[in-house]
Every structure is written in C-alpha cells, then in structure tokens.
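Remarks on the structure that follows.
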Number of protein chains: 2
Amino acid sequence: MSQRALAILSGGQDSTTCLFWALKRFGTNHVEALTFDYDQRHRIELHSARAVAALVNVPHTILPINTFAAIGGNALTDPGIAPSSSDTPSALPNTFVPGRNLVFLTFAGAFAYQRGITHLVAGMAQTDYSGYPDCRENTLETLMQAINLGMETEFTLHTPLMHATKKETVLLAQNLGALKSMALTHTCYEGLRPPCGTCPACRLRAKGFTEAGISDPLLDSPIPQIIQPIS
Amino acid sequence: MSQRALAILSGGQDSTTCLFWALKRFGTNHVEALTFDYDQRHRIELHSARAVAALVNVPHTILPINTFAAIGGNALTDPGIAPSSSDTPSALPNTFVPGRNLVFLTFAGAFAYQRGITHLVAGMAQTDYSGYPDCRENTLETLMQAINLGMETEFTLHTPLMHATKKETVLLAQNLGALKSMALTHTCYEGLRPPCGTCPACRLRAKGFTEAGISDPLLDSPIPQIIQPIS
C-alpha cells in the first residue's frame with residue numbers, strides 16, 4: 001500500500017510550500033490537506049487555504065476548533081486585543097496562542113488515525129520563528145512521541161522548513177513550482193489584501209523574497225477571483 | 001504566592017475523587033475545576049460536573065471542543081456508532097476517542113497559562129484503564145514535556161489515581177470525604193441514571209465498590225434534584 005500524507009494547510013506561505021513538498025514526496029494522489037478554523041481573526045486565511053488546495057486538486061477538510069476563542073487572551077482569536085510586536089526579545093508576542101500547534105498536530109493525528117494516514121506534513125520553522133516555542137523542533141519531536149504513545153500509532157512528522165530561513169523557503173517554493181500559488185496565500189496579521197507591509201508577518205515575508213531576489217507574486221497579482229472578500 | 005491548581009473534572013468518579021484530592025493538597029481557595037464539552041453523547045456528564053463543582057464551591061468553567069465530533073468515528077461523540085466492549089484484548093474499544101486526553105491536557109494547559117496556574121490535576125489511571133493508551137503514565141509524562149516546551153511553562157501534572165485500582169480509588173474517596181459526592185457523579189456509557197449496570201464502565205465501577213466493601217452512593221440515592229434530565 002502506498003504511503004499517504006496529511007498536510008496541515010493554514011493558507012500561508014510556509015504551509016503552501018509544504019503542501020507542494022508533500023505532493024512531490026508522496027505523489028499527487030496520496031496527499032490530503034487539513035485546515036483548522038479556530039475562529040481566527042482573519043477568515044481570509046481559510047479562503048486562501050481553500051484556493052490553494054483547489055489549485056493543486058487535493059482533498060481538503062476544514063475542521064472547526066471553537067476552544068481557543070473560548071479561552072481567549074491572545075490577539076489572534078480575541079477581538080479585544082490588537083496584534084503587537086514585542087520589543088522585548090524575551091517576551092512572547094501577544095499573537096502567541098498557547099498550545100495552538102500542539103492542538104493542531106494532535107487533531108491532525110486524530111484525523112489521520114481515522115483514515116489510516118501515517119505521515120503528517122507541517123510548516124513550522126524554528127529559524128525566524130516569531131518567538132513561538134511551539135514551532136521548535138524539540139517541542140514537536142516530543143509531542144509526536146506523546147501522540148504516538150497516546151494513539152498507539154507510528155506517525156512520522158515532516159517539517160521541511162524547520163531549519164530553513166525565509167529566503168530558503170522562497171527558493172524551495174521556486175524549485176517545487178509553488179511560486180505562482182503564493183499569489184493565493186495570506187500572511188498579513190492585519191488581515192489586509194493587498195497586505196499592510198508593516199506588520200511583523202508581512203516584514204518577515206518581504207525579507208525572504210527580497211533576500212531570494214524574487215518578487216512576491218502576492219504583491220504583483222491582482223486579487224484573484226478565487227479569494228473571497230473577508231467575511 | 002500560594003500555588004494554585006486546575007482540576008480537570010469530567011463529572012465521573014475518578015475526576016471527582018481527584019478534585020477532592022486537589023482541595024486537600026492545595027487548599028479550598030486555590031483550586032479551580034475545568035470541564036470539556038466535546039459534544040459527548042451523554043450531556044448528563046456536564047450536569048454531574050456542574051453539581052460536583054457546586055457542592056465543593058470551586059470556580060468551574062466548561063470549555064467547548066467541537067472538533068472531535070467533526071472528526072467522528074468513535075462511539076462517544078458519533079451518534080451513528082453504539083458503544084461496544086472489545087473482546088479482543090489487543091484492540092482498542094470503539095469508545096476510544098483518538099487524542100482526547102492529549103487535547104484535554106493541552107487545552108487545560110492553555111487555560112491555566114492565562115491564569116498563572118501551574119498545577120494540573122487529572123484522573124487518568126493506567127490500572128483498569130479500559131485499554132486507553134492516552135491514560136498511561138509515559139504518554140502523559142511525554143505530553144507534559146511537550147506542553148512545557150511548547151508554552152515555555154513549568155506545569156506539574158498530578159494524577160493521584162495513576163497506579164490505583166478501582167478499589168483503592170473508592171477507599172481514597174472515602175478518606176478524602178468524597179464518598180457522598182459520588183451520588184452526583186456519572187459513569188454509565190449508556191447515559192442512564194440509575195446506571196445500566198452492564199456496560200464496561202458500570203462494571204468497572206461496581207467492581208471497585210464491591211472490592212472496597214462500600215456500597216455505591218449513586219445506587220443508594222434517589223436522583224438528586226441538582227442533576228438535570230438528559231437534554
């Protein structure tokens with residue numbers, strides 16, 4: 001039986017690149033994409049994910065998670081808190097949603113468990129990781145041990161971007177033929193399209209494209225019809 | 001500053017005993033209770049949790065998780081699947097919800113993170129554990145490492161019943177003065193009150209009380225007014 005993979009797709013640049021990586025690694029008919037609707041402030045992320053999955057023609061599921069918004073206290077799901085960058089290197093930014101990637105991977109495991117899928121692909125990177133400790137390799141390796149013990153499974157987690165800089169991520173996207181799809185992705189913390197260009201997420205993305213010497217298709221393209229307005 | 005604890009309260013016998021354990025260990029005003037509404041088949045569990053928390057007068061939060069039901073495929077959240085015991089010792093029962101305890105503990109961590117609570121208390125037991133691998137000590141220890149890495153926290157997880165038999169759990173409840181509260185708890189997989197007495201959960205509970213030589217207050221009492229009918 002062929003090996004099958006589940007790619008976690010947020011609709012952003014990194015997870016889209018990883019979806020293309022998964023298609024190359026596992027083959028066109030052996031990849032599914034999974035997106036989480038966790039009541040994130042910017043619904044446009046979901047539309048981007050939907051558009052990217054449609055572009056590459058993979059089965060795509062959006063799973064709801066209503067718990068983070070119920071817990072509150074972070075800028076990504078709490079309408080009362082504005083995203084801000086932290087000027088204190090030791091402090092976590094207020095866009096940190098405690099446990100987000102831990103929960104995403106555990107639900108991805110539960111979803112894959114039901115389908116007999118044994119490979120998980122995700123876009124976390126510890127280089128340029130915005131200060132999120134749940135993107136680090138040792139966190140994710142430890143979590144996968146817990147998931148495999150807790151579900152009696154042998155999932156393999158692939159994080160192709162873990163040690164890549166943003167420049168290397170852009171170059172990988174180019175090599176994988178994923179560059180055009182970047183016009184569909186969403187990165188901006190302000191939820192704007194065209195992107196604001198000044199939030200930490202926009203600046204990190206711009207840095208990668210600039211250093212790679214490639215212009216960002218998101219900035220060059222008109223807004224594709226496939227992307228819906230923010231609801 | 002006094003140490004504070006968050007007790008995960010399902011409304012069952014074990015988590016209720018653990019809530020009493022937490023009250024003794026951390027003090028009356030230093031414990032909160034957290035229950036998950038994960039669209040479980042039997043809403044009576046939530047009413048039991050509410051009643052137990054009210055009885056001991058601790059702050060109580062019910063957090064929603066709509067994801068397990070969206071994933072489906074298990075007897076506890078999928079209305080199309082009836083709970084059945086497995087006669088094959090090596091197979092997991094169909095009441096196994098993949099990732100349930102992993103997700104519960106991660107969300108409990110996220111909830112405690114926001115409140116500055118550093119101790120988590122939970123009722124998992126690897127003795128008599130119904131075949132659930134996410135109740136085992138090594139699973140939970142590994143998960144707590146992942147949570148502490150991923151949230152940059154130093155949570156301590158307390159599982160007072162991890163190595164207790166059901167008999168020992170009943171005797172502990174007696175020692176902690178928790179026996180009367182057992183009349184409020186819910187265990188039956190069939191969602192019945194009075195309990196069916198024949199499902200695996202009922203039989204395990206009955207075994208514990210029988211071996212402890214104590215009659216189960218749940219069977220002796222009329223249905224308390226505080227427990228609402230199943231909605």
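Protein chains get the first letters and strands the later ones, always in sequence-line order, with residue 1 at the start of each.
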Exercise for the section: Would you give the length of the straight line joining atom OH of Tyr132(B) to atom CE of Met151(A), rounded to the nearest 0.5 angstrom? Expected result: 14.5 Å

Handout entry: Selection from Leu102(A), Asn101(A), Leu140(A) maximising heavy-atom pairs under 4.5 Å formed with chain B
Key = Leu102(A)

Handout entry: Inter-residue atom distance Phe96(B).CZ - Tyr113(A).OH, 0.5 Å rounding
Key = 5.0 Å

Practice task
Please round to the nearest 0.5 Å and tell me the distance separating atom CD of Glu152(B) and atom CZ of Arg136(A).
Solution key: 4.5 Å

Problem - Residues in residues 56-64 of chain B near chain A [non-hydrogen atoms, under 4.5 Å] - result: Leu63(B), Pro64(B)

Practice task
Please look at Gln114(A) and chain B and tell me whether the side chain, the backbone, both or neither of the residue comes under 4.5 angstrom of a heavy atom of that chain.
Solution key: side chain

Exercise for the section: For residues Thr106(B) and Val103(A), report the shortest heavy-atom separation together with the two atoms involved. Expected result: CG2-CG2, 3.6 Å

Exercise for the section: Hey, can you tell me if Phe107(B) and Phe107(A) have their rings parallel, tilted or perpendicular (30° and 60° cut-offs)? Expected result: tilted

Exercise for the section: Find the distance between CD1 (Ile147(A)) and OG1 (Thr142(B)) and round it off to the nearest 0.5 Å. Expected result: 11.5 Å

Handout entry: Pairwise side-chain contact, Leu149(B) with Asn138(A), heavy-atom cut-off 4.5 Å (strictly under)
Key = yes

Practice task
May I ask you to name which of Ile71(B), Leu143(B), Asn148(B) has the most heavy-atom pairs under 4.5 Å with chain A?
Solution key: Ile71(B)

Completion exercise
Ranked by heavy-atom pairs below 4.5 Å to chain A, first place among Gly109(B), Ala69(B), Ala110(B) goes to Ala110(B)

Handout entry: Between OG1 on residue Thr67(A) and CG on residue Asn66(B), distance to nearest 0.5 Å
Key = 6.5 Å

Handout entry: Counterpart residues, side-chain contact (heavy atoms from CB on, under 4.5 Å), relative to Gln40(B) (two or more places apart)
Key = Asp37(B), Tyr38(B), Arg43(B), Glu45(B), Leu46(B)

Handout entry: Nearest heavy-atom neighbours spanning Ala146(A) and Thr139(B)
Key = O-CG2, 3.7 Å

